[in-house]
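Encoded as structure tokens, the structure appears first; notes follow it.
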Number of protein chains: 2
Amino acid sequence: MNEQQLITRLRSKGYKVTPQRIAICQLILSSKDHPSAEQIYQEVKKTYPAISLATVYITLDLLKKLGLVQELGFSDQSSRYDPNNSPHINVICPRCGKIYDYEAPNVKKLWYRIIAETGLKPLRQRLDLYTLCNKCSQENPTP
Amino acid sequence: MNEQQLITRLRSKGYKVTPQRIAICQLILSSKDHPSAEQIYQEVKKTYPAISLATVYITLDLLKKLGLVQELGFSDQSSRYDPNNSPHINVICPRCGKIYDYEAPNVKKLWYRIIAETGLKPLRQRLDLYTLCNKCSQENPTP
DNA sequence: TTATTAGATAATAATCATTATTATTTAAGA
DNA sequence: TCTTAAATAATAATGATTATTATCTAATAA
Ligand SMILES: [Mn+2]
Ligand SMILES: [Mn+2]
Ligand SMILES: [Zn+2]
Ligand SMILES: [Zn+2]
């Protein structure tokens with residue numbers, strides 16, 4: 001989704017187009033590492049030093065309502081935001097919190113097969129696989 | 001896991017066996033509805049009126065360390081606790097928070113196939129499927 | 001059985017991510 | 001340009017979870 005599409009999408013839903021919104025949306029929608037609200041805040045601050053953390057939260061909420069991002073809640077860290085809504089696996093390191101997507105045709109295919117079996121109509125899904133990342137597994141092989 | 005197995009497990013790890021622990025462990029390990037800490041607290045209180053919520057949290061932490069329960073963190077509600085560690089799908093209603101397990105041989109089989117494909121060694125997984133429960137979908141068909 | 005003590009519990013304070021509030025600013029339309 | 005409803009920035013409030021600490025007790029051994 002490019003900037004023009006984003007602007008059209010916001011206007012069509014009656015939301016005003018502000019520079020802060022564009023900046024936050026662009027950042028999260030193009031992100032690959034599932035950033036937290038604080039990380040987004042620190043990043044956008046580089047361009048908009050006066051931006052408020054509250055605005056970041058409000059905009060993330062807006063993107064959730066539009067179905068453009070999913071909020072991933074955790075018990076041991078703050079929420080992370082994911083712009084990828086198609087069925088995929090979030091590979092998560094339980095030690096450092098690093099998250100990346102594993103996407104493959106087979107993941108979608110097998111997931112849809114399971115869905116068919118359940119007979120349910122999912123609004124969305126969240127598939128997490130917890131495994132130590134390379135960095136963390138080297139640091140402390142067997143803690 | 002029966003009471004005797006639980007007691008042996010606790011003792012073997014150097015943990016003391018207390019009535020509060022037994023009560024909390026029994027409750028969560030036999031639960032099917034993924035209760036919250038508060039719900040566990042309210043339930044155990046019926047038998048142990050003097051129990052502290054802090055003890056519930058400490059015991060749940062202990063069970064996590066022992067690998068007997070998984071904590072499911074959410075962004076819009078407090079954490080829920082799941083004693084089922086085998087690969088299965090948590091069917092979650094985003095409106096009322098109801099959670100139940102969908103377990104079928106195919107889920108495990110297809111999940112293991114995905115794992116093999118990734119080449120990763122998962123410590124654990126979390127497979128969430130969000131869909132309105134019957135009750136909620138009747139109450140407000142299209143909100 | 002009783003004494004010892006490390007660990008557990010109950011009560012409660014502290015934390016901190018997130019949400020709510022409000023005065024000020026601004027995008028959008030007339 | 002003017003109007004105004006919505007957005008922003010600043011900040012206070014919330015609430016689930018964690019930390020602290022004074023008792024209490026399960027486990028061990030005299
Ligand atoms: Mn993802
Ligand atoms: Mn479950
Ligand atoms: Zn890591
Ligand atoms: Zn429901």
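Within every chain, numbering begins at 1; the chains are lettered A, B, ... in the order of the sequence lines, protein sequences first and strands thereafter. Just so it is clear, the structure is predicted and the values come from calculations on it, not from any experiment.
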Rounded to whole Å, please give me the gap between OH in Tyr41(B) and P in dT12(C).
11 Å

Find the distance Arg11(A):CZ to dG29(C):P and express it as a whole number of Å.
7 Å

Thr55(B) has its side chain closest, among dT18(C), dT9(C), dA27(C), to dT9(C)

Taken to the nearest whole Å, CG/Leu60(B) to C1'/dT9(C) is 15 Å

In whole angstrom, give the distance that lies between atom OH of Tyr57(A) and atom P of dA17(C).
7 Å

side-chain hydrogen bond (donor to acceptor under 3.5 Å, both in side chains) pairs, two or more places apart, involving residues 21-32 of chain A
Glu3(A)-Gln26(A)

Give a yes-or-no answer on whether the side chains of Glu43(A) and Gln39(A) include a donor-acceptor pair shorter than 3.5 Å.
no

What nucleotide among dA5(D), dA19(D), dT17(D) has an atom nearest to a side-chain atom of Lys16(A)?
dA5(D)

Under the criterion salt bridge (Lys or Arg N to Asp or Glu O under 4.0 Å), which of Lys65(A), Arg126(A), Lys64(A), Arg80(A) is the partner of Glu71(A)?
Lys64(A)

Spacing between Gln20(A) atom CD and dA10(D) atom P, to the nearest angstrom:
11 Å

Under 4.0 Å, counting only non-hydrogen atoms across every strand here, what does Ser79(A) touch: a base, just sugar-phosphate, or nothing?
sugar-phosphate

Taking for each residue the nucleotide of DNA chain D bearing the nearest heavy atom, is the 5' side occupied by Val17(B) or by Asp61(B)?
Asp61(B)

Between NZ of Lys64(A) and P of dT18(C) the distance, given in whole Å, is 10 Å

Asp82(B) and Gln70(B): side chain donor to acceptor below 3.5 Å:
no

Test item: Ser86(A) and Glu103(A) side chains (from C-beta on) under 4.5 Å apart, heavy atoms:
yes

Are Pro87(A) and Tyr112(A) packed together at the side-chain level, in the sense that at least one heavy-atom pair is separated by less than 4.5 angstrom?
yes

What integer distance in Å separates Leu62(B):CG from dG7(C):P?
14 Å

To the nearest 10°, give me the bend of the helix from dT1(C)-dA30(D) to dA30(C)-dT1(D), comparing the axes of its five terminal pairs at either end.
30°

Nearest whole Å is fine: how far is dA10(C) P from Leu53(B) CG?
11 Å

Among dT8(D), dA8(C), dA10(C), the one nearest any side-chain atom of Thr18(B) is dA8(C)

Tell me what Ala54(B) touches on the nucleic acid: a base, only sugar-phosphate, or nothing, going by heavy atoms under 4.0 Å.
base

